[in-house]
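Reviewing the structure listed below.
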Amino acid sequence: MTTIAPTLPPSARPTTVPRSGAQALLRDLSNGLARLLSNPLTLAGAAVIGLVIIVALFAPWIATHDPLAHNLAHALQPPGAAHWFGTDEFGRDLFSRLVHGSRITLYIVSLVTVVVGPIGLAVGVTSGYFGGWIDTVFMRVTDIFISFPSLVLALAFVAALGPGLDHAVIAIALTAWPPIARLARAETLSLRKADFIVVAQLQGASSLRILVRHIVPLCLSSVVVRLTMNMAAIILTAAGLGFLGLGAQAPLPEWGAMISEGRRYMMDSWWMVATPGAAILLVSLAFNLLGDGLYDVLDPRGE
């Protein structure tokens with residue numbers, strides 16, 4: 001005797017929902033964020049960077065005075081209730097100038113990073129994948145740029161282009177891409193003979209498709225870490241150009257230029273140099289700490 005199992009209606013049937021790619025990505029991001037914030041130093045660096053971003057976004061509301069307004073009656077006043085970080089030789093409030101200067105610093109860092117990342121990544125993966133004379137030409141040009149200190153090379157470019165904030169951004173970008181290209185090339189050399197690359201080549205995939213779909217995504221994590229650590233060097237180079245009068249021009253409240261203006265009074269009015277110097281040190285250190293944390297999270301060997 002044959003028994004027939006009862007058929008359940010569709011609404012009562014058990015269903016299994018497969019995990020989608022978006023859910024897996026969100027899970028990986030949440031795990032990575034938890035690992036990133038579990039390190040106290042990384043958390044401190046991220047907090048400082050987040051604070052600087054908030055200050056830059058709301059600078060007109062956070063600043064207590066007009067950063068460009070002169071008031072000679074209050075020149076060279078020490079930190080106090082009226083002026084939290086003191087005033088400069090023209091009576092301008094240093095706290096307000098520091099707050100507005102964060103916008104200039106983040107502008108330089110963001111623009112240089114946006115320019116340097118794609119250029120260095122494109123040069124590196126192209127050189128490492130194709131090899132031969134392409135690799136030789138690209139790497140010799142990269143060696144020429146690396147052989148000079150970044151600040152010296154930036155000074156040369158600014159001298160050719162002329163002083164100014166936009167010219168400083170171009171000069172820093174021209175000196176910051178070679179380390180990214182070197183890193184991307186090294187990553188590509190370790191990937192181009194991998195089995196999945198060979199399979200893609202045998203299936204007829206073009207070189208452009210292999211670079212864009214397979215190699216570049218695998219190089220992104222290392223490049224992001226290097227770019228984050230490079231941001232500290234970008235800040236220091238921008239401050240150096242501003243100190244020498246080749247970056248942001250007066251009366252813009254750029255941190256390096258503020259140190260340059262205050263060096264003549266630093267023996268008696270120490271706050272004119274100490275406050276922008278502390279801001280440069282703190283933000284640069286924060287980017288380095290964040291870069292170290294990203295390396296620990298994104299490095300596959302750390303699993």
Side-chain angles (χ1 to χ4, degrees), residues 45 48-57 59 63 67-68 85 88 92 94-120 145-146 148-180 224 226-263 266 272-291:
V48 170
I49 295 172
L51 180 62
V52 172
I53 294 174
I54 293 174
V55 168
L57 290 175
L68 305 180
F85 291 169
D88 61 10
R92 297 175 295 192
L94 287 181
F95 172 76
S96 301
R97 290 180 62 78
L98 205 68
V99 167
H100 282 269
S102 64
R103 287 186 161 187
I104 299 176
T105 299
L106 290 183
Y107 168 78
I108 295 174
V109 169
S110 302
L111 197 56
V112 170
T113 302
V114 168
V115 173
V116 164
I119 292 177
F145 278 86
I146 292 180
F148 295 95
S150 58
L151 181 58
V152 174
L153 196 58
L155 287 173
F157 283 121
V158 173
L161 298 173
L165 181 60
D166 293 334
H167 291 170
V169 170
I170 296 173
I172 297 172
L174 289 174
T175 61
W177 66 267
I180 307 299
V224 167
R226 186 54 191 258
L227 284 174
T228 305
M229 292 185 171
N230 271 7
M231 291 178 183
I234 293 171
I235 293 174
L236 294 176
T237 304
L241 293 177
F243 181 85
L244 297 174
L246 299 175
Q249 300 297 296
L252 292 178
E254 197 272 327
W255 293 346
M258 290 173 63
I259 296 177
S260 178
E261 294 169 356
R263 73 184 189 277
M266 63 182 299
M272 292 185 61
V273 175
T275 50
I280 295 172
L281 172 64
L282 187 62
V283 177
S284 301
L285 180 61
F287 276 115
N288 277 329
L289 293 177
L290 181 61

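No hydrogens, no waters, no symmetry mates; every other heavy atom, side chains included, goes into these values. Count residues from 1 along the sequence.
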Shortest non-hydrogen pair, Leu106 vs Ala56, comes out as CD1-CB, 3.6 Å
Mind checking whether Asn230 and Thr113 have side chains closer than 4.5 Å, heavy atoms only?
no
Heavy atoms of Val52 and Ser102 approach each other most closely as CG1-CB, 4.2 Å
Rounded to the nearest 0.5 angstrom, the CZ-CD1 distance for Arg103 and Ile53 is 13.0 Å
Are any of the side-chain heavy atoms of Arg92 and Met258 separated by less than 4.5 Å? no
Value for CD (Glu261) from CD1 (Ile259), rounded to nearest 0.5 Å, stands at 10.5 Å
What donor-acceptor contacts under 3.5 angstrom involve side-chain atoms of residues 275-287, with partners at least two apart or in another chain?
| unit_1 | atom_1 | unit_2 | atom_2 | d |
| --- | --- | --- | --- | --- |
| Thr275 | OG1 | Trp271 | O | 2.8 |
| Ser284 | OG | Ile280 | O | 2.7 |

When rounded to the nearest 0.5 Å, the distance separating CD1 of Ile170 from OG1 of Thr175 is 12.0 Å
With no hydrogens and no angle check, is any side-chain donor or acceptor of Trp255 less than 3.5 Å from a backbone partner on Leu98?
yes
In terms of heavy-atom contacts, Gly242 and Ser260 come closest through O-CB, 4.4 Å
Residues Pro67 and Arg97: closest non-hydrogen pair is O-NH1, 3.0 Å
Rounded to the nearest 0.5 angstrom, the CG-CE distance for Leu290 and Met231 is 8.5 Å
_Lys/Arg cation over aromatic Phe243: Arg263, 6.0 Å, 45° cone_ = yes
Between Gly117 and Ile180, the two heavy atoms sitting closest are O-CG2, 4.3 Å
Rounding to 0.5 Å, atoms OG (Ser150) and CZ (Phe145) come to a distance of 12.5 Å
Tightest non-hydrogen contact, residues Val112 and Ile234, listed as CG1-CD1, 3.5 Å
Review item, side-chain donor-acceptor pairs of residues 244-254, under 3.5 Å, at least two apart:
| unit_1 | atom_1 | unit_2 | atom_2 | d |
| --- | --- | --- | --- | --- |
| Gln249 | NE2 | Gly245 | O | 3.0 |
| Gln249 | NE2 | Gly247 | O | 2.8 |
| Glu254 | OE1 | Gly256 | N | 2.9 |
| Glu254 | OE1 | Ala257 | N | 2.9 |
| Glu254 | OE2 | Gly256 | N | 3.3 |

Side chains of Pro179 and Arg226 in contact at under 4.5 Å (non-hydrogen atoms) = yes
Would you mind writing out the side-chain donor-acceptor pairs for residues 151-169 within the sub-3.5 Å range, not counting sequence neighbours?
| unit_1 | atom_1 | unit_2 | atom_2 | d |
| --- | --- | --- | --- | --- |
| Asp166 | OD1 | Tyr107 | OH | 3.2 |
| His167 | ND1 | Leu161 | O | 3.0 |
| His167 | ND1 | Gly162 | O | 2.8 |

